[in-house]
Amino acid sequence: MSSSTPQLLAGLNPQQLAAVTLPPQHALILAGAGSGKTRVLTTRIAWLISTTQVSPHSVLAVTFTNKAAKEMLTRLSAMLPINTRGMWIGTFHGLCNRLLRAHHKEAGLPQLFQILDQADQLSAIKRLLKSLDVDDEKFPPRELQHFINAQKEQGTRAGAVEAWDDFSRKRVELYEAYERQCQREGVVDFAELLLRSFELLERNEILCRHYQQRFRHILVDEFQDTNKLQYRWLKLLAGGGACLFAVGDDDQSIYGFRGAEVGNMRDLEREFKVANVIRLEQNYRSHGNILDAANAIIKNNASRLGKNLWTDAGSGEPIRVFEAINDLEEARWLVEEIRSLTREGHSRSEIALLYRSNAQSRVLEHALFNAGLPYRVYGGLRFFERQEIKHALAYLRLIANPDDDTAFARVVNFPTRGIGARSLEQLADLAQAQGSSLHAAIGQLSGKAQVALAAFAQLIARMKEGSAGLPLPEVVDHVLALSGLIEHYRNEKEGQDRLANLDELINAAASFVSEEWQRETIEANAAEQSDLAAFLAHAALEAGEHQAGDSDEAIQLMTVHSAKGLEFNVVFLSGLEEGLFPHENSLLEEKGLEEERRLMYVAVTRARQQLYLSFAETRMLHGQTRYNLVSRFLDEIPKDLLKWLTPKLRNAYGAEAQTKSAPAQTAPPLRQAKSVQRESPGGLQIGQNVRHAKFGVGVIINAEGSGTDARVQINFGHAGMKWLALSIAKLTPA
DNA sequence: TGGGAGTGCTTTTTT
DNA sequence: AGCACTCCCA
């Protein structure tokens with residue numbers, strides 16, 4: 001045992017210590033929110049290397065996000081005086097990319113294969129449908145994309161999909177055609193990175209054995225987020241006797257909608273014969289009240305592995321609850337509350353404003369902006385997803401591989417160079433007929449189209465020649481200049497930001513080259529490929545920050561999903577309303593409500609010291625006023641943990657009848673939907689709470705007809721949305 | 001080619 | 001409401 005070991009293990013609690021120092025065997029660590037999960041994972045690696053003669057070379061650590069991978073690497077190099085170079089630490093996609101680059105021949109890929117991000121994939125699918133003359137009403141590109149990805153994530157190739165009717169047969173045909181198109185163009189989508197490297201190992205016994213023997217320890221972060229294919233990938237790699245060390249929290253599985261299988265945790269336990277699951281239940285993050293609330297909420301889920309967080313911190317402040325008349329009032333209140341918090345000395349960046357869906361951010365932003373409070377929104381367009389950056393990257397991709405039709409189609413006429421839709425159609429037909437790329441078909445064109453397109457081909461050739469031997473940033477610079485993008489945006493009215501971003505791309509290339517140490521580990525084998533190819537892969541695999549360079553002292557706005565893994569001193573959770581959170585769409589799905597509840601659990605456990613919950617009776621959504629009941633999740637929190645800032649339960653969920661308190665402020669007049677009476681027949685009002693013998697309490701949200709035809713639509717929360725005829729249903733004001 | 005009008009969709013999202 | 005997308009005309 002090395003002398004640094006005691007230091008390494010200092011301060012770990014007994015469960016953490018047990019996890020870190022587990023003898024070589026498969027392990028499942030059930031790590032609750034704020035229980036020191038990342039610390040355990042990194043310390044485990046450090047401990048393995050420093051005490052058991054495990055070489056860094058034989059460690060494989062997988063995460064889901066680049067951020068997590070970097071974090072792990074940073075902590076590790078602080079703990080160990082070793083070179084992290086030879087280690088395989090990265091995201092599933094990053095590592096698969098690395099694997100495929102190293103063995104591109106065996107995987108049947110060109111050395112410089114390009115990676116399609118979500119948007120690229122969609123446009124490739126659109127192009128495919130067009131070339132095959134498929135009605136995109138019958139096969140919406142987005143649905144097809146989802147179908148293809150879902151199949152790949154199950155590890156299912158087109159040939160293996162079962163199809164019984166014409167529609168599904170056609171869909172499978174398109175999946176197959178898509179695979180062929182990608183193969184011809186030398187491009188690979190995200191799911192393909194996984195599937196292709198899985199197949200590579202599965203089919204190539206020598207290679208498989210090589211990696212199985214190399215990696216003696218495989219560690220997985222956020223295991224509850226793995227999908228079927230990732231599980232099989234891990235199982236294959238661990239098949240040679242490696243130890244699988246998986247860390248996860250079933251209660252924080254919130255990505256079921258994109259293929260994550262919480263069931264993988266149980267499967268792991270069973271298939272890998274995990275002797276005893278270690279639970280990390282001591283929470284170092286939140287005060288007691290917050291934790292109690294989180295535990296109370298998650299207890300309502302039936303399918304759990306079971307876990308109860310505790311803390312030895314005090315119970316802290318109560319959870320404050322605010323009921324607003326509408327979303328505007330909610331936002332106004334938030335601003336005021338944030339103001340007084342900052343006056344008390346809270347740092348703005350330690351205050352987070354969370355919401356279920358992005359559409360909710362607008363009102364909040366508006367209020368913050370008007371109040372002059374700096375804020376930062378996560379989500380939305382990332383750096384490498386911006387139009388101008390994607391254009392620039394497309395040129396770079398064409399240098400690396402002129403057969404990349406996605407890139408070709410993107411910039412062949414941007415900036416415009418007189419290549420119209422007609423010419424491109426001709427070209428596409430030719431390419432389709434001879435099964436070649438667009439670029440390769442240019443030679444066979446004739447007439448006017450030929451001239452313009454040949455000039456474009458020449459431009460690409462010139463870019464390639466001109467950048468030969470140059471360092472990467474200069475390559476980017478050179479290509480930008482020749483492409484005409486700079487000029488184009490200079491002439492555009494609103495082009496200033498875009499120009500700045502293009503400049504930033506050169507900087508990004510420069511820092512990419514200089515950050516070699518990370519690249520070696522996280523991205524790919526830099527020695528085996530050009531800087532350009534590595535940079536392009538980097539751009540696809542890591543879309544970059546959402547916003548560059550904003551002030552750090554800003555309120556943090558984000559969806560609950562993107563808050564996972566983060567923590568803040570103060571958390572505001574807004575829009576706690578039935579239909580919004582839990583989201584109405586989730587109620588249609590089996591297990592949907594449980595996932596929503598886990599989402600709620602994640603939201604609550606982000607807070608260290610203070611948690612605020614708010615909801616509004618009325619909210620503008622999609623241009624219409626909606627009347628909502630308070631979220632059932634609020635009801636699941638023990639009353640004694642809550643402190644109401646407004647008269648309690650004006651708008652009760654399944655409520656005991658309340659004295660209807662006069663609105664604190666004058667409510668804006670209820671906006672009426674087109675052709676719907678404000679005053680519904682029978683003296684009931686839209687927005688009014690009513691009670692029904694069977695469905696309980698609900699809010700009238702719509703009305704139509706008159707006399708015996710009169711009907712009202714009521715949101716009953718639990719019991720759902722109902723249209724009831726007034727002549728039949730007995731409704732009493734609640 | 002580019003802009004203006006008309007249409008339709010709208011949960012969550014990393015890679 | 002707001003945004004992305006398509007279509008059609010100057």
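Numbers restart at 1 for each chain; the letters A, B, ... are given by sequence-line order, proteins then strands. Quick caveat, the model's predicted, so the values are computed rather than measured.
- Checked against a 6.0 Å centroid threshold, the rings of A/His103 and A/Tyr211 count as neighbours.
- Between A/Thr559 and the phosphate of B/dT11, there is no side-chain N or O to OP1/OP2 separation shorter than 4.0 Å.
- Out of B/dG2, C/dG2, B/dT15, the shortest distance to the side chain of A/Arg362 is found at C/dG2.
- Between B/dT13 and C/dA4, the two P atoms lie 16 Å apart (nearest whole Å).
- Minimum atom distance to the side chain of A/Arg258 is reached by B/dT13, of the listed B/dT13, B/dT15, C/dG2.
- A straight line from CD of A/Gln230 to P of B/dT14 spans 15 Å, rounded to a whole angstrom.
- Between the CZ atom of A/Arg356 and the C1' atom of B/dT10 there is a distance of 13 Å, given to the nearest Å.
- Ranked by how close their nearest DNA chain B nucleotide is to the 5' end, A/Ser586 and A/His93 are led by A/Ser586.
- Straight-line distance from the NE2 atom of A/His488 to the C1' atom of B/dG2: 10 Å, rounded to whole Å.
- Dashed line: the shortest gap from a side-chain N or O of A/Asn585 to OP1 or OP2 of B/dT10 is not under 4.0 Å.
- Between the CD atom of A/Glu578 and the C1' atom of B/dT11 there is a distance of 15 Å, given to the nearest Å.
- Close to B/dT11, at under 4.0 Å from its OP1 or OP2, lies no side-chain N or O of A/Asn358.
- Listed nucleotides: B/dT15, C/dC5, B/dT11. Nearest to the side chain of A/Ser357: B/dT11.
- Residue A/Glu589 is in base contact, counting any heavy-atom pair closer than 4.0 Å across all strands shown.
- For the pair A/Asn413 and B/dT1, the criterion of a side-chain N or O lying under 4.0 Å from OP1 or OP2 is met.
- Base engagement by A/Phe257 is indicated by at least one non-hydrogen atom pair under 4.0 Å involving a base atom.
- For A/Gln118 and B/dT13, a side-chain-to-base donor-acceptor distance below 3.5 Å is absent, hydrogens and geometry of angles not being considered.
- Distance, A/Tyr255 OH to B/dT12 C1': 7 Å, rounded to whole Å.
- A/Arg356 contributes no side-chain N or O that, together with a main-chain N or O of A/Leu580, makes up a donor-acceptor pair within less than 3.5 Å.
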Please step through side chain to side chain contact (heavy atoms under 4.5 Å, CB included) for the pair A/Arg386 and A/Arg498, ending with a clear verdict.
CA-CA 9 Å; A/Arg386 284 164 198 280; A/Arg498 300 200 191 274; 5.6 Å; no
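- Across B/dT10, B/dT13, B/dT15, the shortest atom-to-atom separation from the side chain of A/Ser562 is found for B/dT13.
- At a threshold of 4.0 angstrom between heavy atoms, the contacts of A/Phe92 with the nucleic acid are absent.
- We find that A/Arg304 and A/Asp250 are not joined by a salt bridge, their nearest charged nitrogen and carboxylate oxygen being 4.0 Å or further apart.
- Rounded to whole Å, the distance from CG on A/Leu381 to P on C/dC3 is 13 Å.
- Figure legend: A/Arg101 and A/Phe113 shown as a cation-pi pair, the cationic atom lying under 6.0 angstrom from the six-membered ring centre and within 45 degrees of its axis.
- In this structure, CZ of A/Phe414 is placed 12 Å from C1' of B/dG2, rounded to the nearest angstrom.
- Nearer to the 5' terminus of DNA chain B, by closest-nucleotide assignment, is the contact made by A/Gly418 (compared with the other of A/Ala540 and A/Gly418).
- Residue contacts shown for A/Leu116 are absent, as no nucleic acid heavy atom lies under 4.0 Å away.
- Out of B/dG2, B/dT13, C/dC5, the shortest distance to the side chain of A/Arg142 is found at C/dC5.
- The CD-C1' distance, from A/Glu153 to B/dT14, rounds to 11 Å in whole Å.
- Here the side chain of A/His366 pairs no donor or acceptor atom with the backbone of A/Arg362 at under 3.5 angstrom.
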